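First the structure, in the form of structure tokens, and then the observations on it.
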Amino acid sequence: VTAFVDRVFFPQQYNLNDLIFAISEKGNRLRQPSDLGNDIMAELSRALNFESGCLLLKDHADLEFRPVASLGLDLLHPHVRLPADSPLVTELSRLSYATHVDHLQELPRLQALWIEEWRTLRQLHAQILVPIAANGELIGCFVLGARRGYGTENLAPYDLTMAAVGTALLWVGWFGFNGGSALSAS
């Protein structure tokens with residue numbers, strides 16, 4: 001049922017199994033983090049359809065998060081970094097899920113974000129932040145930009161006609177397979 005609903009109502013949705021297979025296929029040989037990161041960014045961009053993105057990893061020498069791979073961004077600027085003691089990094093280490101930048105702006109404890117952090121997020125065209133943790137410690141972060149076509153084309157994940165047809169199918173199926181048990185006379 002889930003596959004049918006996904007195929008009918010969310011045709012642009014990525015196939016998670018294909019994405020995991022493609023990323024593991026890229027990562028199954030020993031390579032430089034930047035090469036591996038660029039390949040992972042390309043696969044994520046293909047699957048999730050975003051314009052730009054960046055992979056930030058923690059540099060243990062100076063305790064800052066620096067870009068190691070990017071897609072659609074020029075990251076040669078030396079100021080593209082996040083200090084490990086910043087409020088943003090602290091909040092990302094608490095999260096175990098992706099979050100939108102607007103959500104971070106609403107959190108009272110992040111009202112004091114440093115100006116440099118907001119500047120870095122603007123340079124990265126950040127829309128979605130996906131923390132990467134290992135052994136309970138934040139080791140990196142995917143910074144994803146806006147989806148291709150955002151603001152210029154309709155990116156709604158549904159079609160009203162198909163939603164009505166799906167609702168009717170589910171309703172008929174529910175009462176058909178249950179044999180009207182809720183409506184039975186006893």
Side-chain angles (χ1 to χ4, degrees), residues 2 6 10 13-147 150 157:
T2 304
D6 282 347
F10 305 108
Q13 186 178 19
Y14 61 92
N15 183 333
L16 184 61
N17 293 331
D18 290 344
L19 177 62
I20 291 172
F21 177 76
I23 289 174
S24 64
E25 188 178 44
K26 303 278 184 196
N28 67 357
R29 9 183 234 288
L30 199 56
R31 302 179 352 172
Q32 292 293 328
S34 60
D35 295 337
L36 181 60
N38 284 327
D39 285 346
I40 290 173
M41 291 302 298
E43 288 297 329
L44 285 173
S45 174
R46 182 186 60 75
L48 302 177
N49 200 25
F50 59 85
E51 292 178 350
S52 61
C54 173
L55 172 61
L56 300 173
L57 290 180
K58 188 174 187 178
D59 183 3
H60 289 285
D62 55 4
L63 296 178
E64 291 182 328
F65 289 82
R66 297 182 182 274
V68 294
S70 67
L71 183 72
L73 297 170
D74 179 28
L75 297 179
L76 298 177
H77 199 273
H79 296 293
V80 178
R81 58 181 167 59
L82 290 173
D85 62 345
S86 71
L88 177 62
V89 172
T90 303
E91 183 63 29
L92 286 175
S93 65
R94 290 182 187 149
L95 298 175
S96 60
Y97 53 87
T99 186
H100 196 276
V101 174
D102 292 344
H103 172 70
L104 293 176
Q105 290 175 339
E106 296 169 1
L107 296 175
R109 59 185 171 269
L110 291 182
Q111 295 298 320
L113 274 182
W114 301 337
I115 294 173
E116 286 297 318
E117 288 180 312
W118 286 119
R119 184 176 299 139
T120 299
L121 291 176
R122 279 194 305 275
Q123 285 177 335
L124 297 176
H125 305 282
Q127 292 288 317
I128 304 293
L129 301 172
V130 184
I132 305 168
N135 298 328
E137 178 186 0
L138 186 71
I139 61 167
C141 178
F142 281 110
V143 179
L144 306 178
R147 290 182 66 182
Y150 181 74

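The model shown is predicted, which means the values in this text are computed figures rather than measured ones. Residue numbers count from 1 along this sequence.
- One finds the CG atom of L82 at 13.0 Å from the CG atom of L63 (value rounded to the nearest 0.5 Å).
- For the atom pair CG (L92) and CZ (F65), the distance works out to 8.5 Å, reported to the nearest 0.5 Å.
- To the nearest 0.5 Å, the span separating CG on L56 from CD1 on I132 amounts to 8.5 Å.
- The closest side-chain heavy-atom distance from P131 to R94 is not below 4.5 Å.
- At least one donor-acceptor pair under 3.5 Å links the side chain of S45 to the backbone N or O of F50.
- For the pair V89 and A84, the tightest heavy-atom approach, listed with the atom from each and the gap, is CG1-O, 3.6 Å.
- With hydrogens and angles disregarded, a donor-acceptor distance shorter than 3.5 Å links the side chain of T90 to the backbone of S86.
- Side-chain contact between L88 and L121 is present, with at least one heavy-atom pair separated by less than 4.5 Å.
- Between K58 and E64 no salt bridge is recorded (no basic side-chain N to carboxylate O distance below 4.0 Å).
- One finds the CG atom of L124 at 10.5 Å from the CG atom of L144 (value rounded to the nearest 0.5 Å).
- The line from CG of N38 to OG of S70 is 6.5 Å long, rounded to the nearest 0.5 Å.
- A donor-acceptor contact closer than 3.5 angstrom links the side chains of H100 and Q127.
- In this structure, CG on L138 lies 10.0 Å from CG on L57, to the nearest 0.5 angstrom.
- Looking only at side-chain heavy atoms (C-beta outward), I40 and F142 come within less than 4.5 Å of each other.
- The nearest pair of heavy atoms linking Q123 to V80 is OE1-CG2, 3.1 Å.
- The shortest non-hydrogen separation linking M41 to C54 is CE-N, 3.2 Å.
- Contacts of S52 classified as side-chain hydrogen bond (donor to acceptor under 3.5 Å, both in side chains), with partners at least two apart in sequence or in another chain: none.
- D59 places no side-chain N or O within 3.5 Å of a backbone atom of R66 that could act as its donor or acceptor partner.
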